[in-house]
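In what follows, every chain begins at residue 1, and chains take the letters A, B, ... in the order their sequences are listed.
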Protein chains: 2
Amino acid sequence: MRIAVIGAGALGLYYGAMLQRGGHEVRFLLRRDYEAIAERGLHVTSPRGDFHLEKVRCFRTPQEMGEVDLVLVGLKTFANDALVPLIAPLAASGAAILTLQNGLGNEELLAAAFGADRVLGGVAFLCSNRGPSGTVHHLAQGPIRLGEFGGGLTPRALEIAAVFTSSGVPCEAVADLVKARWEKLVWNIPFNGLCALTGQSTDALLAHPPSRRLIGELMTEVVAGAAAQKLSAPISGPAFIARMISLTEEMGAYRPSMMIDHLEGRPLELSSIYGIPLERATERGVEMVRVRMLHALLDLGEPGRRG
Amino acid sequence: MRIAVIGAGALGLYYGAMLQRGGHEVRFLLRRDYEAIAERGLHVTSPRGDFHLEKVRCFRTPQEMGEVDLVLVGLKTFANDALVPLIAPLAASGAAILTLQNGLGNEELLAAAFGADRVLGGVAFLCSNRGPSGTVHHLAQGPIRLGEFGGGLTPRALEIAAVFTSSGVPCEAVADLVKARWEKLVWNIPFNGLCALTGQSTDALLAHPPSRRLIGELMTEVVAGAAAQKLSAPISGPAFIARMISLTEEMGAYRPSMMIDHLEGRPLELSSIYGIPLERATERGVEMVRVRMLHALLDLGEPGRRG
C-alpha cells in the first residue's frame with residue numbers, strides 16, 4: 001500500500017516506520033527532521049528491538065508526494081487550521097484518509113473538505129516520543145482501533161487494520177468509531193489535562209488520594225457525556241474506569257503528550273480533547289462540571305493568553 | 001489596652017503598628033524580624049501616609065510578654081499546631097483572644113484550649129505585605145468584622161471594635177461571626193486557590209471568560225455551603241457575588257496571600273480555607289464539587305508531597 005504520513009511527530013514517525021518495515025511504500029512529509037532523515041534515515045528504539053531504515057522517502061510539500069492509497073494523519077490538532085490544505089493535493093487522487101489525531105472534530109473537518117466517504121478515524125494507544133532529529137523512541141503500545149467516519153465495518157477498514165497488524169502494529173477495525181473516540185477521552189481528559197496543569201506524571205496523581213478520586217470523577221463525567229451520544233452500546237462505566245486506572249498504574253511515571261507539549265512550550269490540544277467534547281455533551285443536556293473546570297484552567301495557562 | 005500580637009506577619013505587623021500609633025500598648029512576638037525591629041523600629045508605608053515607630057516592644061517568647069488584655073492572633077493557619085502553646089502563657093491572666101486568621105477552625109481550636117468565652121474571631125479585608133525586615137507595606141484595606149465565637153453582640157466585642165476604629169482601622173462588631181467567616185470564604189476560596197494554582201493575579205483571572213465563569217461558580221458553591229450552616233440570615237447569593245467580583249476588579253493586579261505563600265515556597269493555608277469548609281458543607285449535605293477539585297489540585301502541589 002502507498003501511504004502518505006502527514007504530521008510526522010512521534011506517532012506519525014513510529015507508525016510510518018513500522019509500515020515501511022512491513023513492506024509498504026511510505027512517504028513522509030517532513031519539516032524540521034527533513035535533512036536528518038533524508039541523509040541518515042530513520043532510527044527507531046523500542047523494547048521490542050531497535051531498527052533503522054536506511055532509505056526513507058522524504059518530502060517538503062504534499063504536492064511532491066504523488067499518488068497514494070492512504071493518507072495517515074498524525075498532526076497535532078492545534079495545527080488543524082493547516083490540515084485541509086496539507087491533504088488536498090493527496091486527496092485529489094481518491095486516497096482514503098485516516099486520522100489518528102486526538103479527540104473529537106477531526107473526522108468532521110476532513111469530511112467537510114473531502115467527503116464523508118473518504119474519511120476514517122482511529123484511536124491509538126501508543127507511548128512514544130521524539131529523540132534527536134531522525135530518532136523516535138517507542139516505549140509501549142496498545143492496539144489502534146479504527147473505523148469509518150460514517151460507521152459500520154467496511155472491507156476498507158478491515159484492510160487498513162490488516163495492513164497495520166501485519167506490520168507489527170496491533171490494529172482492530174470497529175463499527176462504532178464514536179464510541180472508540182469517547183472511550184479514549186475517558187483516559188485523555190483526566191490524565192492529559194491534570195498532568196499538563198500540575199506538572200506531575202500519572203503515577204504521582206494516582207498516588208495522591210484526592211487526585212485519584214478526582215480522576216475517577218472526571219472519568220465518570222466523560223462516561224455520562226458519552227452516554228448522551230448515539231453510541232451502539234453504552235460504555236460500561238465503573239468496569240471501564242477501573243480498567244483504565246489499572247492500565248495507567250502499569251504505565252509507571254508516564255508523561256502524557258499534553259504534559260510534554262506544555263513542558264516544551266507548544267500549544268495544547270484543548271479544542272479536540274476538551275472544547276468539542278464539552279460542546280457535544282452540553283448539546284445533549286450533560287454538563288461535565290469538572291471537565292469544564294479543567295478546560296478553563298488549562299486554557300488560562302495557554303501561552304497566547306499569558307500577560 | 002495592652003495587646004499582644006502573635007503571628008507578626010504582614011497583617012499582625014500592620015494592625016499592631018496602627019494600634020500602637022493609636023495609643024495602645026502593643027507587644028510583638030517576633031522571630032526573623034526581632035533584631036531589625038528592636039534596633040530600628042517598625043516602618044509602615046501606606047497610601048494614607050507612611051509612618052515610623054521608633055520604639056517597639058519586641059519579645060522572643062510569649063513567656064516574657066507579661067499580662068495583656070487582648071491577644072491578637074495573625075499566625076498563618078498552617079502553623080496552627082504551634083498556636084496553643086504560643087498563647088497559653090498569655091491566656092493565663094484572662095486576656096481575650098481575637099483570631100484574625102484565615103478560614104474556619106481557628107476559633108474552635110482556641111476555644112478547646114482556653115474556653116469558648118475567651119475567644120473572638122474576625123475577618124480582615126486587608127492588602128498588605130512585608131518589605132525588608134522591619135518594614136510592612138500597607139496597600140489598601142476594608143473593615144475588620146469581628147464577633148464572639150459564642151455569637152451575639154457583647155460589650156467586649158464592641159469595645160475591641162472601637163479600639164481598632166479609633167486607631168484608624170475601620171472595624172465593625174457583628175453578632176454572627178459564622179456568617180462573616182463564610183462571606184470571606186466566598187472571596188478566599190476562588191481567588192486564593194486559583195491565583196496560587198495558576199500563578200496569575202486576580203485581574204488576569206477575571207479577564208479570561210472561562211475563569212471568570214468558574215469564579216462565579218465556585219462562589220455559588222460556597223454560598224450554598226454557607227446556606228447549610230446555622231446562619232442568622234442567608235448570604236444574598238447573586239448580589240453578594242456581583243459585589244465581590246466588582247470589588248476585586250477595583251483591586252487591579254492583586255496577588256492574594258496564598259499566591260504569595262506559593263511563590264515564596266511556604267505551605268498553603270489549605271485546611272482552614274478548603275479542608276474544614278468542605279467538611280462543614282459535606283456534613284450538612286452540600287457537596288461543593290468545584291471547591292473540592294480546587295482543593296485536590298492545590299494539595300497535590302504542596303511541597304511536602306512533591307517527588
How would you list, in number order, the residues of residues 283-296 of chain A that have a heavy atom less than 4.5 Å from chain B? A:E287, A:V289, A:R290, A:R292, A:M293, A:L294, A:A296
Roughly how far, to the nearest 0.5 Å, is CG of A:L300 from CZ of B:R212? 13.5 Å
Which residues in residues 213-222 of chain B have any heavy atom closer than 4.5 Å to a heavy atom of chain A? B:R213, B:L214
By side-chain hydrogen bond (donor to acceptor under 3.5 Å, both in side chains), A:S201 pairs with (sequence neighbours left out) A:D203
Can you name the nearest heavy-atom pair linking B:P210 to A:D299, along with the distance? CG-OD2, 4.2 Å
Enumerate donor-acceptor pairs with a distance under 3.5 Å from any side-chain N or O in residues 78-85 of chain A to protein atoms, sequence neighbours excluded.
from, atom 1, to, atom 2, distance (Å)
A:N80, OD1, A:Q101, NE2, 2.8
A:N80, ND2, A:N106, OD1, 2.8

